[in-house]
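The structure appears right after this line, and notes come after that.
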Amino acid sequence: MEEIYNAETVEEKWQKYWEEKDCFKVCEDKSKKKFYLLEMFPYPSGKLHMGHVRNYTIGDLTARYKKMKGFNVIHPMGWDAFGMPAENAARDNNTHPAKWTYANIDNMKKQLKRLGFSYDWSREVTTCTPEYYRWEQWLFIQMYKKGMAYRKMASVNWCEKCQTVLANEQVEDGQCWRCSSEVQQKKLNQWFFKITDYAEDLLNYCDKLTGWPEKVTTMQKNWIGKSEGAYIDFDVEGLDEKIKVFTTRPDTLYGCTFMCLAPEHPFVEKFASASGKLDEVKKFQEKVSRQERTAKAIETAEKEGVFTGVYCINPANKRKVPVYAANFALMEYGTGAVMSVPAHDQRDFDFAKKYSLEIIPVITPKNEDLTAEDLDKAYSLPGILKNSDEFNGKENEAAKKLIVEKLALENRAEIAVTYRLRDWGISRQRYWGTPIPMIHCEKCGIVPVNEEELPVKLPEEANILENGSSPLPVLESFYKVKCPKCGMDAKRDTDTMDTFVESSWYFLRYCSPGFDKGMFSKEAADYWMPVDQYIGGVEHAVMHLLYSRYFTRVLNDLGLVSVREPFENLLTQGMVCKEIMRCPVHGYIYPEEAKKTDKGNMECMICGSAIEVGRKEKMSKSKKNVVDPNSLINNYGADTTRLFSLFAAPPERDLEWTEEGVEGANRFLNRVWRLVSGLIEEIKGSSPFRGDFDKLSGASRDIYRKTSETIEKAGHDIDRFHFNTAIAVVMELVNLIYSSLDKKDDLNREVLMHSIESIILILSPMVPHFCQELWSLTGHDSILTEELWPEIDKKALVPDEVLVVVQINGKLRAKLNIIPDADEDEVKKLALENEAVIKYTDGKTPKKVIYIKNKLVNIVL
RNA sequence: GCCGAAGUGGUGGAAUUGGUAGACACGCCAGGCUUAGAACCUGGUGGCGCGAGUCGUGGAGGUUCGAGUCCUCUCUUCGGCACCA
């Protein structure tokens, strides 16, 4: 056996073996319990980053561990291969998106294999292949037939730089999520998925997703944003119109003293022209449209409005109420009209102060009488109604219902629920995406492509245009088609789908990746689904996870799959961080551009200046605080890389990358290696201890017991994703064996063999190449991927003696070693007779003596 | 503004259910091995104190025989939502 562990040759050897022997291939097997382990598939950007490595290491450990626990584990991998970076790269490097994408996939796949991940590559799914998107198009047509996909003119978020529309979720603080340029509004005819039909269902199930972090379900709930209230109709004075408002506070209706419409509300111009105020109103509209829509701007922007010149009638008290157009009213929410109650809403209050509008309190705290003069801000707490006719004196919560009921009798109000969630706009004016399988015919309107003609292939001869936009709208061979219905000349839809569509069902495709009679085989999907453990970044908490839940519901309702929720358990891993380094001359610098001086400071290798070491932040190219997985593997090997990312922090927390930490992980592997190589002559050929624990004594007994404890604790820790502590207990065992080695004469070889075997087995899901090599070297013919998790000898878990601590008034004063489950009175007696205890009790009689079995005695004086 | 999470040694982090705070690792210190270094092995390492001790889990209270853990208030950091009517 080599004295030193050579990661490179060992890793290469076993990777080759695994691949040749197809070790990770799985099939449905109804005799076994299945386990679907899924990691979020990557966008093939070209290279893996440390975030991927961490995500997939956690996944691989879990997959291998579950397999050792006897599950039939499916562990697939694929590529979220459509998307804009491919187009950008194609334009910048004068290549084709497909070429770029496939080259990246090739490269990243090599990297994944170098890390030794146990993927069943026969299930690889690549979303940009016609075999995949064909079925997405098919589903689109089914959804269209059910009214679940529809088209409407919509004001969309338009990014001038990317030349495309963005989903609401892709707009962050009014800026494009990718390029951060300002998002504008543009009217376009768009395809939408009716996710709002499922808003209630998606919301209700949030609380049933007990295997998800609460943080994520809360974010989804916020995103869906249900609010319960009422629609109330206001008559308009002098015009035959009704203004419908949505309010969550019908109890404050009597306090409504003005009305605010969104500037783009259709009534605004209508009213203004009726009253002759069109000029002023138009000026206001223009001003608002120029206003910034970023969160910051909104926060600081003053509430502003303009009187339309028209009054409406408060249906409760018939009061005449002026109608304003106001910058804080949003057309996208509710009805675009707000009944303003300045006494009880802060925005309305600000607005009323600015324009000297009347403020009438209608809710007052119990045992107090709130008047308009008392108010220096809106009162928004619960209370008792006043100034509200027959509702005076009622609790405001109760009044909500009563007021709506009264108005409902006259057809002026109804209970209503609104959601913040919008329908999912999926049209993208891009090339590198799934073509929308629809044809526009002048005579027949919108006609789906015949299903036999699917897929509508993305024409590969096309290339991105100079300005970066899609070639499809100008590619005659693509858009010029015959109408499937009437046979006349017609035009193909030249938009492609949002790439979140592909990732909303890839986990189903993995169940039967080659299936050519549908999206997936129902039989296979019903065997494998739901995903038992999903692992990925928290950045997908809303979009991807919500869309996937939505798609699973749609597919369930179409009878294509039996599950309704796709992901049973979710683990969101933290980010990989590293400190930022800045050279006063060169700005941000890469870690490899810095070196440590003798004094322990960092200096720039280019210019020698002292480097400011900044705080730890998420690794990003722009800050140059990145580490390339490839160089890590080259320097230390895949197993060290894997071990470090598991040991340095629990998975859900951020992981701070340090060179010292990586070296520590490497050191541990070498320590295990040396332990085995030092013992190999002695233990090789021995079988692991299977005898009676009671016959063991001395160091052998201790080691055997510690081994049993380690198997138990490591398994338990892995079950709850505490990988760092699972590794720590193995380190403890290794330390114990090391420190027992000088007592070698006592050591039972079979016990040693048992311990070494156990260490190898426990570590094998984490550092599989390393363990497989040791497994073979210690005389095993089998392949570790077929081995089961080691058995625990329960008998050895019972300690010979337990440590009972003795406290006096809660302070630790003595320790007793006692046989387990000793008689309570005897332990108390022993404690009280203890020398140190006598010193502290000082002859006093204890008031109370508390005994916790096998743990502690607390003497209260 | 609203909602949520987290604050533990010099550092990353341990501590099922309230029961020895600081496992394991990094770093540091000492010793061993070595011609020397690296590597490795052994030991030490929360603060204060020579010591018996004493103080210690962001801060202030509280419950309890006993609190990192439970309750109230508060500070800080991070994340999400946000003119949502």
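Hydrogens, waters and symmetry mates are skipped; everything else that's a heavy atom, side chains included, is used. Lettering follows sequence order; numbering is per chain, from 1.
In the displayed structure, A:K221 atom NZ is contacted under 6.0 Å by more than 12 heavy atoms of other residues, nucleotides or ligands. Counted within 6.0 Å of CD1 on A:I4, heavy atoms from surrounding residues, nucleotides or ligands total 12 or fewer; the atom is thus considered open.
With a cut-off of 3.5 Å on both pairing distances, B:U20 has no Watson-Crick or G-U wobble partner at all. Nucleotide B:U42 forms a pair with B:A30, judged by Watson-Crick or G-U wobble geometry with both contacts under 3.5 Å. The partner of B:C73, taking Watson-Crick or G-U wobble pairs whose two distances both stay under 3.5 Å, is B:G59. Across all strands shown, the partner of B:C48 is B:G53, judged by Watson-Crick or G-U wobble contacts whose two distances both fall under 3.5 Å. Across all strands shown, nothing is found opposite B:A67 as a Watson-Crick or G-U wobble partner with both distances under 3.5 Å. Look at B:G79: its Watson-Crick or wobble partner, with both distances under 3.5 angstrom, is B:C3. In this structure, B:U8 forms no base pair with any nucleotide, since neither Watson-Crick nor G-U wobble geometry is met with both distances under 3.5 Å.
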- [ ] For A:K623 and A:E617, run salt bridge (Lys or Arg N to Asp or Glu O under 4.0 Å): C-alpha distance rounded to whole Å, both residues' side-chain angles, the deciding distance at 0.1 Å, then the answer.
- [x] CA-CA 9 Å; A:K623 302 239 169 100; A:E617 281 187 43; 2.9 Å; yes
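Between the CZ atom in A:R705 and the CG atom in A:L797 there is a gap of 9.0 Å [rounded to 0.5 Å].
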Taking only nitrogen or oxygen atoms into account, show me every contact under 3.5 Å that the protein makes with nucleotides 79-81 of chain B, one pair per line with its distance.
| from | atom 1 | to | atom 2 | distance (Å) |
| --- | --- | --- | --- | --- |
| B:C81 | O3' | A:R420 | NH1 | 3.2 |

Short heteroatom pairs, N/O only, protein and nucleotides 21-27 of chain B, under 3.5 Å:
| from | atom 1 | to | atom 2 | distance (Å) |
| --- | --- | --- | --- | --- |
| B:A23 | O2' | A:E732 | OE2 | 2.8 |
| B:A25 | OP1 | A:N735 | ND2 | 3.1 |
| B:C26 | OP1 | A:R667 | NH1 | 2.8 |
| B:G27 | OP2 | A:R667 | NH1 | 3.4 |

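Between A:R347 and B:C84 there is a side-chain N or O to OP1 or OP2 distance below 4.0 Å. Between A:K811 and the phosphate of B:C55, there is a side-chain N or O to OP1/OP2 separation shorter than 4.0 Å. For B:A85, neither phosphate oxygen OP1 nor OP2 lies less than 4.0 angstrom from any side-chain nitrogen or oxygen of A:H344.
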Could you list the donor-acceptor pairs under 3.5 angstrom formed by side chains in residues 723-736 of chain A, with sequence neighbours left out?
| from | atom 1 | to | atom 2 | distance (Å) |
| --- | --- | --- | --- | --- |
| A:T725 | OG1 | A:D717 | OD2 | 2.9 |
| A:T725 | OG1 | A:H722 | O | 2.9 |
| A:E732 | OE1 | A:K706 | NZ | 2.8 |
| A:N735 | OD1 | A:R671 | NE | 3.4 |
| A:N735 | OD1 | A:R671 | NH2 | 2.6 |
| A:N735 | ND2 | A:M731 | O | 3.4 |

Could you go through residues 653-662 of chain A and list every donor-acceptor pair under 3.5 Å that involves a side-chain atom there, pairing it with any protein atom two or more places apart or in another chain?
| from | atom 1 | to | atom 2 | distance (Å) |
| --- | --- | --- | --- | --- |
| A:D654 | OD1 | A:M575 | N | 2.9 |
| A:T658 | OG1 | A:G661 | N | 3.0 |
| A:E659 | OE2 | A:Y636 | OH | 2.7 |

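Between A:Y355 and A:Y324, the ring planes are tilted. Angles from 30° to 60° get that label. The aromatic rings of A:W673 and A:F770 sit tilted relative to each other, their planes meeting at an angle between 30° and 60°.
Regarding A:F351, its CZ atom lies at a distance of 18 Å from the P atom of B:A85, rounded to whole Å. For the pair A:N327 CG and B:C84 C1', the computed distance is 15 Å after rounding to whole Å. Remark: C1' of B:C84 and OH of A:Y231 are 12 Å apart, rounded to the nearest angstrom. A:N809 places its CG atom 8 Å from the P atom of B:G66, with the value rounded to the nearest Å. The interatomic distance linking A:Y840 (OH) with B:A52 (C1') rounds to 7 Å, in whole Å.
For B:C65, the base has no donor-acceptor partner in the side chain of A:K848 [N/O atoms by modelled type, under 3.5 angstrom].
With both ends at atom C1', the span from B:G9 to B:A14 equals 13 Å, rounded to whole Å. Nucleotides B:C2 and B:U57 are separated by 29 Å at their P atoms, to the nearest Å. Separating the P atom of B:A60 from that of B:U76 is a span of 16 Å, rounded to the nearest Å. Nucleotides B:G32 and B:G37 place their C1' atoms 16 Å apart, quoted to the nearest Å. Straight-line distance between the C1' atoms of B:G19 and B:G68: roughly 13 Å, to the nearest whole Å. Taking the C1' atoms as reference points, B:G47 lies 31 Å from B:C41, given to the whole Å. For B:C28 and B:U11, the C1' atoms lie 11 Å apart once the distance is rounded to whole Å. Between B:G79 and B:A85, the two P atoms lie 25 Å apart (nearest whole Å).
Residues satisfying the side chain to side chain donor-acceptor pair (under 3.5 Å) test with A:D350, not counting sequence neighbours, are A:Q346. A:Y333 pairs by the side chain to side chain donor-acceptor pair (under 3.5 Å) definition with A:S227, A:T418, not counting sequence neighbours. The side chain to side chain donor-acceptor pair (under 3.5 Å) check on A:D702 picks up nothing, with sequence neighbours excluded. Residues satisfying the side chain to side chain contact (heavy atoms under 4.5 Å, CB included) criterion with A:T572, sequence neighbours excluded, are A:P213, A:V216, A:V538, A:L570. Partners of A:T640 by side chain to side chain donor-acceptor pair (under 3.5 Å), not counting sequence neighbours, listed by chain and number: A:N666. Looking at residues two or more places apart in sequence or on another chain, you find a ring pair (Phe, Tyr, Trp, His ring centres under 6.0 Å) between A:H265 and A:F267.
Distances were taken from every side-chain heavy atom of A:R813 (C-beta onward) to each of B:U16, B:G53, B:C83; the shortest belongs to B:G53. The side chain of A:K815 has B:U20 as its nearest neighbour among B:A85, B:C40, B:U20.
Against the 90° criterion about 0, the sugar-base torsion of B:G9 places it in the syn range.
Counting any heavy atom pair closer than 4.0 Å across all strands shown, A:L655 reaches no nucleic acid atom. As judged by a 4.0 angstrom heavy-atom cut-off over every strand, A:H722 is placed among residues touching the sugar-phosphate backbone only. As judged by a 4.0 angstrom heavy-atom cut-off over every strand, A:D654 is placed among residues touching the sugar-phosphate backbone only.
Of the candidates A:V806, A:V857, A:I838, A:I859, A:L832 forms a side chain to side chain contact (heavy atoms under 4.5 Å, CB included) with just one, namely A:I859.
Near-neighbour residues of RNA chain B inside residues 854-861 of chain A, defined by a heavy atom below 4.0 Å, number-ordered: A:K855, A:L856, A:N858, A:V860.
Heavy-atom distances to RNA chain B give each of A:P650 and A:Y738 a nearest nucleotide, and the one nearer the 5′ end belongs to A:P650.
A salt bridge links A:E358 with A:R319: the distance from a Lys NZ or Arg NE/NH1/NH2 to an Asp or Glu carboxylate oxygen falls below 4.0 Å. Between A:E200 and A:K226 a salt bridge is recorded (basic side-chain N to carboxylate O distance below 4.0 Å).
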- [ ] Summarise how protein sits on nucleotides 6-11 of chain B as a single string, 5' to 3': B when a protein heavy atom is under 4.0 Å from the base, S for sugar-phosphate-only contact, - for no contact.
- [x] ------
